[in-house]
Asker: 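One structure coming up, written as structure tokens, with questions to follow.
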2 protein chains.
Amino acid sequence: MSKPSRATAADVALAAGVSKWTVTRAFTPGASIAEHSRERVLQEAAKLGYRPNLLARSLTTKTTNLVAILVDDFANSYKLPVLEVLTQALQAEQMAAVLININQHFDHLSAILDADQRQVDAVILVGTDFKDEALKLSTLPASRPPLYVLARESTIAHIPAVSCDARISMAAINQHLWAQGYRRPGFMSGPRSLSTALGRKNHFMAFWQQQAGTTVPELAAGSYDHRAAAQALRAYLQQTPTAERIDVLMCENDALAIGVIETARHEFGLRVPQDLAIVGYDGDELAATPSFNLTSYRQPLQEMVATLIAMLKGRSEARSINLPGELIIRGST
Amino acid sequence: MSKPSRATAADVALAAGVSKWTVTRAFTPGASIAEHSRERVLQEAAKLGYRPNLLARSLTTKTTNLVAILVDDFANSYKLPVLEVLTQALQAEQMAAVLININQHFDHLSAILDADQRQVDAVILVGTDFKDEALKLSTLPASRPPLYVLARESTIAHIPAVSCDARISMAAINQHLWAQGYRRPGFMSGPRSLSTALGRKNHFMAFWQQQAGTTVPELAAGSYDHRAAAQALRAYLQQTPTAERIDVLMCENDALAIGVIETARHEFGLRVPQDLAIVGYDGDELAATPSFNLTSYRQPLQEMVATLIAMLKGRSEARSINLPGELIIRGST
DNA sequence: CATCGTTTTGCAACCGGTAGCAAAGTGCGG
DNA sequence: CCGCACTTTGCTACCGGTTGCAAAACGATG
């Protein structure tokens, strides 16, 4: 009475004078149905405001067109464009994204189990990694939804990842820094994860070791948070005499780089890039503003997302892929 | 064989030597079931990796514990903390959020219909509004999921909104500006929506009209985008002689304010706050950094979200509510 | 040990669709 | 006007749970 319950296929069938199976067919692209009865059905459906219940459909088709997106790092403003591009690309494929917030109350495992119960078609880890939880992965039911990692190299065998090529990008950055005359580089790292073994840090450090025998000091922020970056820089500057300091700091991403610039300038009065040059990674829009004017390596976000979606739609083989991005040179180096 | 299909309640029932209805009861809090058989069932369920299929459950219970979150403004970095707080609060209630990207390919109406087909329990419009689409709302089926508006006043009758109180916040800001000696204020507005009739702009302008008979010029950015803000400021400064310019600019949110600061400083060489003072709105973390050091009005995000969730869980009456925030005075005024 | 109230369990029906097959309808050649 | 192939429609069964009621088991009481 007060809540007019939704019209069902049976209601439409009655109104259109056909069986409910014919109604389903009218809403199934490519189904075998006479043109005149499809029109009749759609007309009645519109009149009754009928739209197929996707829950019921999913129950039999075993596909929900839902993808879970796991995010654990809301302090990093680059997550916003990632979410934007990802949701738009999914929606273009008639899919939708369930955004799951990973934090101390809700870990990766709970999130995957939860997503699994909701029968999502896939789980995408966005710029996050399992760390030591990787081991627990084996406790997951064998029938869990397929996992993918976006914008971070996968540390877990058999889990495909789409990321920006660390080797190529670091080569471009190092070439630029070397050409600019920098000789005392430092590296600021984010969360410690197993992936560092393959990641940006190692490629960066290997270059300087080979090229000049330099051991690059690591400033460990511990997380991709500008406050953590500030803290790590503070610690380094306080315990390092001016003469021995690095002349350029490569930051694992833009969020760190921005924290570093802020702290270097306003807390230590350093000029960027004269006293300390800074390089970021991601290509966050914020870093492009005149205040920061940060040299950064832009990740090919659109292509990465397109590649990932091709995988999960089965249009392309699911395996880890590294794509090249683009070095954007600005005033911070 | 290759894909071990999920265990169902019937499988667990067989293993535990009970009927499938007993299995359901073991997973239903407060159901009538003997303790020993509950344990037996849970034990077998664990062994088989069984977890109830939420799709099937939702089909009969008519509740999905899914909420659609509609976002149309990914350029505004304040959306990230909003999403963080919102998803966390939902997850604490065993709910999950479907993030829907509103853009030129996918408008509000399509999003609501889509969410409706997925049987979401509610739709939350985050800091967005219908504008002229409000009219089309009547074309929605009467049985659509309940709509809520977060962080924006609702322009549509009967749709509850939880927002930051514009009257109180603007009074605090105006009092501060007046006390600081500013007398020639300007106002930068974002998207034109019907809600402006009730919103920040009118409260701001009304004060200056009453207090000093001043008509406040409006700099219309058209959207909450720092580039649009830059453009609007540029247009204003270029056509206004220095002597006639405003001495303080109230921006409808922090994203605009940041664009304004950037442009004023780096493009026009203006000092903030000496040549032009700036006030923002939201309390975005980014605005707190030394580079911007923006005076802003912090929205009570946690409380707003808690209030909204109380409404949609039916714990509190669903009606529009305005909550007070807090003026944070920094160096930009 | 019969009786009665209470807890626990089983069952038929249903939620709203889809798969796959069988029956009915249609058009065309001979 | 019949037979055949092809299109269209209807139907049974099922997806994996939940609802609400009836039957069974339990346990205390007289």
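The analysis underlying the following values was restricted to heavy atoms, covering all of them including side chains, and did not include hydrogens, waters or symmetry mates.
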Asker: Measure from the side-chain heavy atoms of A:Val18 and tell me the nearest of D:dG10, C:dG17, C:dT9.
Answerer: D:dG10

Asker: Can you check the B:Asn53 CG to D:dG16 C1' distance for me, whole Å?
Answerer: 6 Å

Asker: Any side-chain N or O of A:Lys62 less than 4.0 Å from the OP1 or OP2 oxygen of D:dG16?
Answerer: yes

Asker: Determine, using ring centers only, whether A:Tyr78 and A:Tyr224 are less than 6.0 Å apart.
Answerer: no

Asker: Using a cut-off of 4.0 Å on non-hydrogen atoms, how would the nucleic acid contact of B:Phe27 be classed: base, sugar-phosphate, or nothing?
Answerer: nothing

Asker: Nearest whole Å is fine: how far is C:dG25 P from A:Ile33 CD1?
Answerer: 17 Å

Asker: Out of C:dG16, C:dT8, D:dG16, which nucleotide sits closest to the side chain of A:Thr8?
Answerer: C:dG16

Asker: Counting only side-chain heavy atoms from C-beta out, which of C:dG17, D:dG16, C:dA19 sits nearest to A:Trp21?
Answerer: C:dA19

Asker: What is the separation between atom CG on B:Leu55 and atom P on D:dG16, rounded to the nearest whole Å?
Answerer: 11 Å

Asker: Using a heavy-atom cut-off of under 4.0 Å over every strand shown, decide if B:Thr22 touches base, sugar-phosphate, or nothing.
Answerer: sugar-phosphate

Asker: Kindly point out which of D:dG10, D:dG20, C:dG16 is positioned nearest to the side chain of B:Arg25?
Answerer: D:dG20

Asker: Take the protein atom CZ of B:Arg51 and the nucleotide atom P of D:dG17, then report the distance between them rounded to whole Å.
Answerer: 12 Å

Asker: Considering only side-chain heavy atoms of B:Tyr50, which listed nucleotide, D:dG17, D:dT19, D:dT8, is closest?
Answerer: D:dG17

Asker: Would you mind reporting whether B:Val67 and B:Val120 have side-chain heavy atoms less than 4.5 Å apart?
Answerer: no

Asker: Are any non-hydrogen side-chain atoms of B:Phe74 and B:Asn101 less than 4.5 angstrom apart?
Answerer: yes

Asker: Compare all side-chain heavy atoms of A:Thr307 with those of A:Met311 and state whether any distance is below 4.5 angstrom.
Answerer: yes

Asker: Can you tell me how far C1' of C:dT9 sits from CZ of B:Arg38, to the nearest Å?
Answerer: 14 Å

Asker: Kindly say whether, by distance alone, the side chain of B:Lys20 makes a donor-acceptor pair under 3.5 Å with the base of C:dG10?
Answerer: no

Asker: OP1 or OP2 of D:dC15 versus the side-chain N and O atoms of A:Thr60: is any pair under 4.0 Å?
Answerer: no

Asker: Please report the distance, rounded to the nearest Å, between CG in B:Leu14 and P in C:dT9.
Answerer: 17 Å

Asker: Check the distance between D:dG17's P and A:Arg57's CZ and give it to me in whole angstrom.
Answerer: 21 Å

Asker: Does B:Glu84 pair with A:Lys79 as a salt bridge, N-O distance under 4.0 Å?
Answerer: no

Asker: If you only use heavy atoms from C-beta on, which nucleotide in C:dG17, D:dG10, C:dT9 is closest to the side chain of B:Ala34?
Answerer: C:dT9

Asker: Nearest to the side chain of A:Ala56, which nucleotide is it out of D:dT9, C:dT9, C:dG16?
Answerer: C:dG16

Asker: Expressed in angstrom and rounded to an integer, what is the separation of B:Glu35 atom CD from C:dT6 atom P?
Answerer: 21 Å

Asker: Taking the minimum atom-to-atom distance to the side chain of A:His36, which one of D:dT9, C:dC15, D:dG10 wins?
Answerer: D:dT9

Asker: Hey, does A:Asn53 have a side-chain heavy atom less than 4.5 Å from the side chain of B:Leu59?
Answerer: yes

Asker: Find which nucleotide of DNA chain C each of B:Ser37 and A:Leu59 is nearest to by heavy atoms, and output the residue with the more 5' nucleotide.
Answerer: B:Ser37

